[in-house]
Amino acid sequence: MRPFLISILTALPCFASADLLDDTPRIALMSAFPPEWIALQEGLSDPIEHKLNGVTFITGQMAGKPVVIFLSGVSMVNAAMTTQLALDHFDIQAIAFSGIAGGVDPNLSIGDVVVPAQWGKYLEGVMARDTDGVFSIPPWMSTEFENLGMITTVPMGVTTARSDELDRRFWFDTDPDLLAIAQEVAADMTLADCNADNACLTDPPEIIIGGNGVSGSFFVDNADLRDWAYASFDAQVLDMESAAVAHVAYANEVPFIAFRSLSDLAGGTDGDNEMTTFMSLAASNAASVMRAFVAAMD
């Protein structure tokens with residue numbers, strides 16, 4: 001090997017498994033962005049702050065369980081990058097995501113907390129060619145999903161140690177044992193229906209366990225896209241991070257679950273988007289369910 005190349009390689013930092021910032025087995029508790037940060041930290045004791053690549057990780061105890069909490073950042077890329085960073089530098093036994101989302105299922109209401117059984121990346125695929133008014137994808141590609149105009153969802157696959165072959169899965173499952181705990185917790189919980197400014201919901205919020213969630217790198221406030229997400233993926237909820245975290249968790253063989261409370265209906269109402277009005281209430285409801293979930297874990 002050339003001497004200059006050797007000097008460059010020896011100067012590079014080593015990020016091996018020995019570089020753990022903390023070696024206690026922990027549950028990772030995540031949210032996406034600062035307004036969810038306060039709700040995420042409630043109930044945390046013995047906090048110790050760690051900084052890595054600009055990300056703040058706080059280790060501590062929640063309901064007697066060792067945890068590490070952090071923000072993923074908004075968007076699929078930020079969420080995937082931060083999740084892998086955490087997995088590389090902490091001994092993470094399970095990942096739980098808490099945050100707000102847009103409601104897709106017309107049977108759901110703002111404030112409801114949805115805990116999907118699986119997540120998919122619905123805005124990953126092909127911007128299809130328009131040929132005489134018909135959108136078609138290249139002949140070497142295939143999809144089981146209906147398109148929305150030129151938007152055509154095509155699973156791009158995931159590489160893992162589970163198989164030598166590219167896994168072209170679309171859905172990433174929530175861990176069934178974690179989902180069962182969430183089901184037990186949901187049976188005994190009552191969610192808040194008013195925020196700190198006394199803006200109250202019309203319908204008492206509920207907890208929905210199971211079904212489908214989808215994620216993509218766009219904030220959605222469009223009725224047509226909302227209808228398509230419901231019709232094509234039978235989705236209850238959509239957001240900008242959960243499927244990316246589920247993908248990384250699957251690749252690392254770490255159990256994953258997400259608690260998403262509806263701050264808005266993703267363009268499904270006649271008036272302005274409701275996120276700024278009910279964001280704090282939704283974030284609080286999602287975090288409340290997640291804390292109860294953590295307390296119930298063995």
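Residues Ile208 and Val113 are not in side-chain contact: their nearest non-hydrogen atoms beyond the backbone lie 4.5 Å or more apart. No side-chain heavy atom of Leu201 sits less than 4.5 Å from a side-chain heavy atom of Asp203. No side-chain heavy atom of Met30 sits under 4.5 Å from any side-chain heavy atom of Leu71. Proximity of Leu123 to Phe218: side-chain heavy atoms (C-beta onward) are separated by under 4.5 Å at one or more points. Put simply, the side chain of Leu225 reaches to within 4.5 Å of the side chain of Leu148, judged on heavy atoms. For the pair Glu146/Ser232, a side-chain contact is recorded, criterion being any heavy-atom separation below 4.5 Å from C-beta on. Counting heavy atoms from C-beta on, the side chains of Ile92 and Ile27 never come closer than 4.5 Å. Taking the side chain as every heavy atom from C-beta outward, Val77 and Ser217 never approach each other to under 4.5 Å.
Taken to the nearest 0.5 Å, the CD atom of Glu253 stands 6.5 Å off from the OG1 atom of Thr160. Atom-to-atom distance recorded for Ser31:OG and Glu241:CD is 9.5 Å, nearest 0.5 angstrom. Of the inter-residue distances, the one linking Ser72 atom OG with Phe33 atom CZ reads 10.0 Å to the nearest 0.5 angstrom. How far CZ of Arg168 is from OG of Ser142: 8.0 Å, rounded to the nearest 0.5 Å. Separating the CG atom in Asn285 from the OG atom in Ser98 is a distance of 10.0 Å, to the nearest 0.5 Å. Going from atom CD of Glu206 over to atom CG of Asn107 covers 10.0 Å, rounded to the nearest 0.5 Å.
The main-chain N or O of Arg26 is never found under 3.5 Å from a side-chain atom of Lys65 such that the two would form a donor-acceptor pair. For Thr59 (side chain) and Val68 (main-chain N/O), no donor-acceptor pair under 3.5 Å exists by modelled atom type. At least one donor-acceptor pair under 3.5 Å links the side chain of Asp130 to the backbone N or O of Gly133. With Ser261 contributing its side chain and Asp112 its backbone, the two residues share a donor-acceptor pair below 3.5 Å. Remark: side-chain polar atoms of Thr83 are paired, donor with acceptor, to backbone N or O of Ala79 under 3.5 angstrom. Judged by distance alone, with hydrogens and angles left aside, the side-chain atoms of Asn53 form no donor-acceptor pair with the main-chain N or O of Val55 at under 3.5 Å. At distances below 3.5 Å, not a single donor-acceptor pair connects side-chain atoms of Glu49 with backbone N or O atoms of Ile58.
Val114 and Met275 are not part of a single hydrophobic cluster, where members link through side-chain heavy atoms under 4.5 Å apart. Residues Leu87 and Leu21 are members of one and the same hydrophobic cluster, defined by side-chain heavy-atom contacts under 4.5 angstrom among Ile, Leu, Val, Met, Phe, Trp and Tyr. By the rule that hydrophobic residues join a cluster once side-chain heavy atoms approach within less than 4.5 Å of another member, Val237 and Ile95 end up as members of one cluster. Cluster membership for Leu85 and Leu40, using ILVMFWY side-chain heavy atoms within less than 4.5 angstrom, is not shared. Cluster annotation: Phe172 and Met240 are assigned to distinct hydrophobic clusters (Ile/Leu/Val/Met/Phe/Trp/Tyr, side-chain heavy-atom contacts under 4.5 Å, transitive).
Nearest heavy atoms, Glu36 versus Ala283: CG-CB, 4.1 Å. Between Leu238 and Ala101, the shortest heavy-atom distance links the atoms O-CB, 3.4 Å. When all heavy atoms are compared, the tightest approach of Thr131 to Ser136 is OG1-OG, 4.3 Å. When all heavy atoms of Ser263 and Met279 are compared, the closest pair comes out as CB-CA, 4.1 Å. Of all the heavy atoms in Phe170 and Pro155, the pair that sits closest is CB-CG, 3.8 Å. For Arg169 against Val158, the heavy-atom pair with the smallest separation is CG-CG1, 4.1 Å.
Considering Leu29, Val245, Asp239 in turn, Val245 is the only one that fulfils the side-chain contact (heavy atoms from CB on, under 4.5 Å) rule with Phe97. Among the candidates Val104, Ile110, Asp105, the single residue satisfying the side-chain contact (heavy atoms from CB on, under 4.5 Å) test with Leu265 is Ile110.
Under 3.5 Å, the side chains of Asn252 and Gln84 contain a donor-acceptor pair of N or O atoms. Under 3.5 Å, the side chains of His50 and Thr56 contain no donor-acceptor pair of N or O atoms. Between the side chains of Gln61 and Asp46, no donor-acceptor pair of N or O atoms lies under 3.5 Å.
No more than 12 heavy-atom neighbours from other residues, nucleotides or ligands sit within 6.0 angstrom of CD1 on Ile38. The environment of Arg129 atom CZ is sparse: at most 12 non-hydrogen atoms of other residues, nucleotides or ligands sit within 6.0 angstrom. For Met150, the CE atom counts as loosely surrounded, since its 6.0 Å shell holds 12 or fewer non-hydrogen atoms of other residues, nucleotides or ligands.
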Run the ring pair (Phe, Tyr, Trp, His ring centres under 6.0 Å) test on Phe145 and Phe233 for me, step by step, so that the C-alpha distance in whole Å, both residues' side-chain angles and the decisive distance to 0.1 Å come before the verdict. CA-CA 8 Å; Phe145 303 112; Phe233 308 99; 4.8 Å; yes
Would Phe293 and Val115 count as a side-chain contact (heavy atoms from CB on, under 4.5 Å) if you check the C-alpha gap in whole Å, the side-chain angles of each, and the deciding distance to 0.1 Å? CA-CA 11 Å; Phe293 163 83; Val115 190; over 6 Å; no
Should Arg260 and Trp119 be marked as a side-chain contact (heavy atoms from CB on, under 4.5 Å) after you check the CA-CA gap, both sets of side-chain angles, and the distance that decides it? CA-CA 12 Å; Arg260 287 290 194 166; Trp119 288 88; 4.0 Å; yes
The test is side-chain contact (heavy atoms from CB on, under 4.5 Å); show your working for Ile137 and Thr143 and say whether it passes. CA-CA 9 Å; Ile137 63 176; Thr143 182; 4.2 Å; yes
For side-chain contact (heavy atoms from CB on, under 4.5 Å), just list the numbers for Gln93 and Asp91, CA-CA rounded to whole Å, side-chain angles, deciding distance to a tenth of an Å, and then say yes or no. CA-CA 7 Å; Gln93 304 297 302; Asp91 184 3; 2.6 Å; yes
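Using a 30° and 60° split on the angle between ring planes, Tyr122 and Trp228 fall in the tilted class, from 30° to 60°. Ring geometry for Phe57 against Phe70 counts as tilted: the plane angle lies between 30° and 60°, on a 0 to 90° scale.
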Quiz: residues 173-192 side-chain donor-acceptor pairs under 3.5 angstrom, not counting sequence neighbours:
{"residue": "Thr174", "atom": "OG1", "partner": "Pro116", "partner atom": "O", "Å": "2.7"}
{"residue": "Asp175", "atom": "OD2", "partner": "Asp177", "partner atom": "N", "Å": "3.1"}
{"residue": "Asp175", "atom": "OD2", "partner": "Leu178", "partner atom": "N", "Å": "3.0"}

